[in-house]
Novice: 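Supplied in structure tokens, the structure appears directly below.
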Amino acid sequence: MSSKLSAVKGMNDLLPEQAELWELVEAKVSEVFRQYGYRPIRTPIVETTPVFVRAIGEVTDIVEKEMYSFNDALNGEALTLRPENTAAVVRAAIEHNLLYDGPRRLWYFGPMFRHERPQKGRYRQFHQFGVEAFGMAGPDIDAEVIQIGALLWQELGLTPFITLQINNIGSAADRQGYAKALTAFLEQHVDQLDTDARNRMHSNPMRVLDSKNPEMQALLASAPLLTDFVSDESKAHYAALQALLAAAGIAFEENPRLVRGLDYYNNCVFEWVTQELGAQGTVCGGGRYDGLVEQLGGKPTLAAGFAMGIERLVLMLESLSLIPASALQVVDIYVLVVGEGVVAEGLALARSLRTAFPDLGIIGHCGGGKYNSQLKRAYASGARLAVILEQDADTSATPNTVKLRRLDDSGQSETTDIDSVVAKVGEFLSISA
RNA sequence: GUGACUGUAGCUCAGCUGGUAGAGCCCCGGACUGUGACUCCGGUUGUCGCGGGUUCGAACCCCGUCAGUCACCCCA
């Protein structure tokens, strides 16, 4: 015996029950995207490494330590399993000239990969839905993508458990000016900084603001504010977005410490967060990324979008017991085939029932076995009705009757002519064929 | 990458501060009754995560290692 094989750390199998729930969530989410006129796009799981390095930023955590990067064994090309999909969608949009004939609204779904230590709500292979809207200045499009999120939570019953946080992080130039001022402030107080803050002070000073150390937060209370470095134009955009959200009845809270982990964001950024998931509370995050297209070699194109993690949504649905009954696949009818001489007839009978009742789940018994054991399988399947085709034990003749049996406590059964079995099944299940 | 906790049957878990493997549920085969059954018999429930060490003797104590979970960091 060889040693047991197992899935890669942080990469999960979805067993049937969970996979069915995912299918339901996927259907609801893609339906909402479709309602808003967003069109699907599918890009490869692997991109050349520069796609992500140029888009996400050299000094981000994702690029520095979380990417699954490798060299193609055949030609040495530097490749990376996508850690997020905005960069790849932008690459594809540029490559196929999608941005030269007006606005584009796109959505995607698929697996992403980050080499992190797994914990609740965080996995090395995880799955994101996302939307990207190109060529619109906003803030109306900003409000639209936020509204899409709000509608999704409503559709999934999660609205009471998710709140919207927004922030204005200004332009890249604004942030550079601010980072300079912030670094100067930190240098002045370097003796009071913890190790973490000192390490980040020069590489990514704005990350220091995220510190959960109370002493750091106390010190940062007197630090310069990003708001003071943001242009008036950006402030006006931000104010207009808030007005649109209010008009749409979407509640939000401003979080001045909300700084997204990818360099390409600018101006309005947002996160949908929850208390239900432990430490990983962000269910959906996004914002504007007006400079990204140009940065990746396209003509300057405004853009906004978000990404949401389906694992976290499903975890919420599970922990809040909000899984719709319709998520689980049901078996309605189990066809017993007793006797080897009626196997062909059994297959045909099950087939004709499926044709007559296309919405029902119908299992035809396979593998033989005695009446008792087949009936036991029928009960175990969860079916409501057993359709029993039984070969005559004495004559071995093909039967011209079929027995129907309710698989409930009543055990009510009835024998019917094989030609009228469809009508009879409809009666038993109170539906018409 | 760092830390804490947890690894005993397919599942849920016992195992009294070292003395020879346990319960419940499930699963399989057979007998019986034609209709999930009941009852009876029988079966697998196991390298006690893995490897060392201490000991006459380790599921239990010590060291190492692996895995899982949660948290830090960061994010979806």
Novice: Take the angle between the ring planes of F129(A) and F33(A) and call it parallel below 30°, perpendicular above 60°, tilted in between.
Specialist: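 Because their plane-to-plane angle is over 60°, the rings of F129(A) and F33(A) count as perpendicular.
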
Novice: Which dot-bracket string describes RNA chain B (Watson-Crick N1-N3 plus N6-O4 or O6-N4, or G-U N1-O2 and O6-N3, all under 3.5 Å; [ ] crossing; | other strand)?
Specialist: (((((((..((((.....[..)))).(((((.......))))).....(((((..]....))))))))))))....

Novice: May I ask you to say whether R124(A) pairs ionically with E116(A), meaning some side-chain N is under 4.0 Å from a carboxylate O?
Specialist: no

Novice: Which is it for L241(A) and F252(A) under the side chain to side chain contact (heavy atoms under 4.5 Å, CB included) test, yes or no, and what are the steps along the way?
Specialist: CA-CA 11 Å; L241(A) 171 62; F252(A) 60 87; over 6 Å; no

Novice: When you match R117(A) and L407(A) each to their closest nucleotide on RNA chain B, which lands nearer the 5' end?
Specialist: R117(A)

Novice: Any carboxylate oxygen within less than 4.0 angstrom of a Lys/Arg side-chain nitrogen, looking at E47(A) and R91(A)?
Specialist: yes

Novice: How is F129(A) classified with respect to the nucleic acid when contacts are heavy atoms under 4.0 Å: base, sugar-phosphate, or nothing?
Specialist: nothing

Novice: Regarding D61(A), tell me which of base, sugar-phosphate or nothing describes its non-hydrogen contacts under 4.0 Å with the strands shown.
Specialist: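 Answer is sugar-phosphate: D61(A) comes under 4.0 Å of backbone atoms only.
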
Novice: Side chain of E116(A), heavy atoms from C-beta onward: which of C73(B), C74(B), A71(B) has the nearest atom to it?
Specialist: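 From the listed options, C74(B) comes nearest.
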
Novice: Between G57(B) and G18(B), how far is it from one C1' atom to the other, in whole Å?
Specialist: 8 Å

Novice: Using the P atom on both, measure A59(B) against U54(B) and round to a whole Å.
Specialist: 16 Å

Novice: Looking at every strand, decide which applies to G130(A) at a 4.0 Å heavy-atom threshold: base, sugar-phosphate, or nothing.
Specialist: nothing

Novice: What's R114(A) touching, base or sugar-phosphate or nothing? Going by heavy atoms closer than 4.0 Å.
Specialist: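 Base contact.
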
Novice: Suppose we screen for salt bridge (Lys or Arg N to Asp or Glu O under 4.0 Å). Which residues come up paired with E187(A), at least two apart in sequence or across chains?
Specialist: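 E187(A) satisfies salt bridge (Lys or Arg N to Asp or Glu O under 4.0 Å) with no residue once adjacent residues are dropped.
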
Novice: Please confirm whether the backbone N or O of R122(A) pairs with a side-chain atom of E311(A), one donor and one acceptor, at under 3.5 Å?
Specialist: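 Answer holds: no.
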
Novice: Could you check R312(A) against N12(A) and say which one's nearest nucleotide on RNA chain B is further toward the 5' end?
Specialist: N12(A)

Novice: Expressed in angstrom and rounded to an integer, what is the separation of Q374(A) atom CD from G36(B) atom C1'?
Specialist: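 Q374(A) atom CD is separated from G36(B) atom C1' by 13 Å.
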
Novice: Does C70(B) have its OP1 or OP2 closer than 4.0 Å to a side-chain nitrogen or oxygen of Q119(A)?
Specialist: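 So the side chain of Q119(A) is outside the cut-off, no N or O lying under 4.0 Å from OP1 or OP2 of C70(B).
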
Novice: Which of the following nucleotides, G68(B), G36(B), A71(B), is nearest to the side chain of K9(A)?
Specialist: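 Nearest to the side-chain atoms of K9(A), counting from C-beta on, is G68(B).
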
Novice: Less than 5.5 Å between centroids and less than 30° between ring planes, does F126(A) satisfy that with A76(B)?
Specialist: yes

Novice: I'd like the C1' distance from U6(B) over to C25(B), given in whole Å.
Specialist: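 Taking atom C1' in both C25(B) and U6(B), they lie 23 Å apart.
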
Novice: Of all the choices, U35(B), C74(B), G36(B), which nucleotide is nearest to the side chain of K403(A) once you look at every atom?
Specialist: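 The nucleotide sitting nearest to the side chain is U35(B).
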
Novice: I'd like the P distance from G22(B) over to U47(B), given in whole Å.
Specialist: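 Approximately 15 Å lies between the P atom of U47(B) and that of G22(B).
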
Novice: Round to the nearest Å and state the distance from Q165(A) atom CD to A76(B) atom P.
Specialist: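 Spelled out: CD on Q165(A) to P on A76(B) is 13 Å.
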
Novice: Taking the side chain of A279(A) as heavy atoms from C-beta outward, which of A76(B), C73(B), C72(B) is closest to it?
Specialist: C72(B)

Novice: For atom P, what is the distance between U8(B) and C60(B), given to the nearest Å?
Specialist: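 One P to the other, the span is 13 Å.
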
Novice: Identify which nucleotide among C73(B), A76(B), U35(B) has an atom closest to any side-chain atom of Q280(A), counting heavy atoms from C-beta outward.
Specialist: C73(B)

Novice: Assign E390(A) to base, sugar-phosphate, or nothing according to its heavy-atom contacts below 4.0 angstrom with the strands shown.
Specialist: base

Novice: Is it true that a side-chain atom of T49(A) and a backbone atom of L79(A) form a donor plus acceptor pair closer than 3.5 Å?
Specialist: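 Checked: pair present.
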
Novice: Could you give the distance separating C28(B) and A37(B) at their P atoms, to the nearest angstrom?
Specialist: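 Looking at atom P only, A37(B) and C28(B) are 11 Å apart.
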
Novice: Side chain of Y371(A): nearest nucleotide among U2(B), C74(B), U35(B)?
Specialist: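 Comparing U2(B), C74(B), U35(B) against the side chain of Y371(A), the answer is U35(B).
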
Novice: Give one of base, sugar-phosphate or nothing for E311(A), where a contact means two heavy atoms less than 4.0 Å apart.
Specialist: nothing

Novice: Please measure how far the C1' atom in G34(B) lies from the corresponding atom in G42(B), and state the result in whole Å.
Specialist: 24 Å

Novice: With under 30° as parallel and over 60° as perpendicular, where do the rings of H115(A) and Y68(A) fit, or are they tilted in between?
Specialist: tilted

Novice: For nucleotides U45(B) and A21(B), find the distance between their C1' atoms and express it as a whole number of Å.
Specialist: 12 Å

Novice: For the side chain of R82(A) and the backbone of A88(A), is there at least one donor-acceptor N/O pair under 3.5 Å apart?
Specialist: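 Such a contact is absent between R82(A) side chain and A88(A) backbone.
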
